[in-house]
2 protein chains.
Amino acid sequence: MPDQSPVITPENLARQLKVLADPRRLRILNLLMTGVQCNCEIGEALGMPANLISHHLRVLRNAGLVQAERDPLDARWMYYSINEPALEALVRAFDAFFDLSRIQPRHPSCGPKRLQGKPTKKLLVSAP
Amino acid sequence: MPDQSPVITPENLARQLKVLADPRRLRILNLLMTGVQCNCEIGEALGMPANLISHHLRVLRNAGLVQAERDPLDARWMYYSINEPALEALVRAFDAFFDLSRIQPRHPSCGPKRLQGKPTKKLLVSAP
DNA sequence: GTTATAATTCAATGTGGGTTGAAGTATAAA
DNA sequence: TTTATACTTCAACCCACATTGAATTATAAC
């Protein structure tokens, strides 16, 4: 079975954030949040050509953030939806990486003749 | 005074995520989380040339995510730290945008002769 | 003054990836 | 079979931007 909670490396997180760091993909995701469906409807709602929608949806699918399903009555229609567990995992990884409680008191190890072993909450401005 | 909680548009969020969607910048932020300091130390820890560190730090500073301060004893040294309120606001915007509870039941408005007004939690596969 | 150090800025390069228009695939309707 | 529809794929273009090396600024030490 796959890793339950894989280690969050900067490279890993950056790769996932790259998928999100696009205004049109965010608009698509934002629309899928409201329960929108097929390629055509997304394109109409966002004023984008169908092939662009396809392209961005593929990126989102490759990232595992979006699922696709064919209409059982008319297989020409594709219905897209958000992969909730995947999105939830990503949000959790994001929150964990940027958890402010991780921030440590600073302990300068460079700079001029600097007092060592005396971390302060704020910047350690060397006292006289 | 500025907006307390500006509207989170996809364009807005994408612009901020672009700053984060880089492995080296995430490594820098990750290092700043542990209280690291000057340009030189970051470069040494990450194995990157000083000018690249400068470049990425400027991007992070322009985004308001990182603060800089000069050493009062030796003004050649710059100390970098995370702008906690800014990072916290970004995390909050991220979480709000991708809040899974926003996801609505789907109500297909396209596709073949589809029953209207009957949203389902999962995909609405048209029944016979 | 000169030399050394920390960091930034500049110019040039290279590339990943978003965008576009056309062609292609698959299914359904006529 | 032919035509229409929904979507995808392909090839080409374009540009923001990360990377690199050298030059520049600013400060401190000698």
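In the text below, chain A, chain B and the rest are named by the order of the sequence lines, each starting its count at 1.
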For this session: Find the distance A/I28:CD1 to C/dT19:C1' and express it as a whole number of Å.
Result: 13 Å

Exercise. Does a side chain donor of either B/R61 or B/N83 reach within less than 3.5 Å of an acceptor in the other side chain?
Worked result: no

For this session: For the side chain of B/R58, starting at C-beta, report the closest nucleotide among C/dT9, D/dA18, C/dG18.
Result: C/dT9

Problem set entry | Between C/dA7 (P) and B/I53 (CD1): distance, integer Å | 10 Å

Exercise. Of the candidate nucleotides C/dT27, C/dA7, C/dG18, which contains the atom at the shortest distance from the side chain of A/D74?
Worked result: C/dT27

For this session: For the pair A/R27 (side chain) and B/P10 (backbone), establish whether a donor and an acceptor sit closer than 3.5 Å, ignoring hydrogens and angles.
Result: no

For this session: Examine distances only and state if a side-chain atom of A/R25 and a backbone atom of A/L60 form a donor-acceptor pair shorter than 3.5 Å.
Result: no

For this session: Between C/dA7, D/dT9, C/dT8, spot the one nearest the side chain of A/S54, thanks.
Result: D/dT9

Exercise. What integer distance in Å separates B/E69:CD from C/dA7:C1'?
Worked result: 16 Å

For this session: Taking only the side-chain nitrogens and oxygens of B/Y80, find out if one of them lies under 4.0 Å from OP1 or OP2 of C/dT8.
Result: yes

Exercise. CE of B/M48 versus P of D/dT20: gap in Å, rounded?
Worked result: 9 Å

Exercise. Rounded to whole angstrom units, what separation is found between the CZ atom of A/R27 and the C1' atom of C/dG18?
Worked result: 15 Å

For this session: Determine the contact category for A/A75: base if any of its heavy atoms lies under 4.0 Å from a base atom, sugar-phosphate if only primed atoms, P, OP1 or OP2 are that close, otherwise nothing.
Result: sugar-phosphate

Problem set entry | Protein-nucleotide distance (B/L20, atom CG; D/dA18, atom P), rounded to Å | 12 Å

Exercise. Pick the nucleotide of DNA chain C nearest each of A/N51 and A/R76; which residue has the one closer to the 5' end?
Worked result: A/N51

Exercise. NE2 of B/H56 versus C1' of D/dT19: gap in Å, rounded?
Worked result: 8 Å

Exercise. Do the side chain of B/E41 and the main chain of B/N39 share a donor and acceptor less than 3.5 angstrom apart?
Worked result: no

For this session: Rounded off to whole Å, could you give me the NZ-to-P distance for the A/K18 and C/dT15 pair?
Result: 15 Å

Problem set entry | Any B/H55 side-chain N or O less than 4.0 Å from OP1/OP2 of C/dT9 | no

For this session: Please confirm whether the backbone N or O of A/A75 pairs with a side-chain atom of A/R70, one donor and one acceptor, at under 3.5 Å?
Result: yes

Problem set entry | B/N39 or A/R25, whichever maps to the more 5' nucleotide of DNA chain C | B/N39

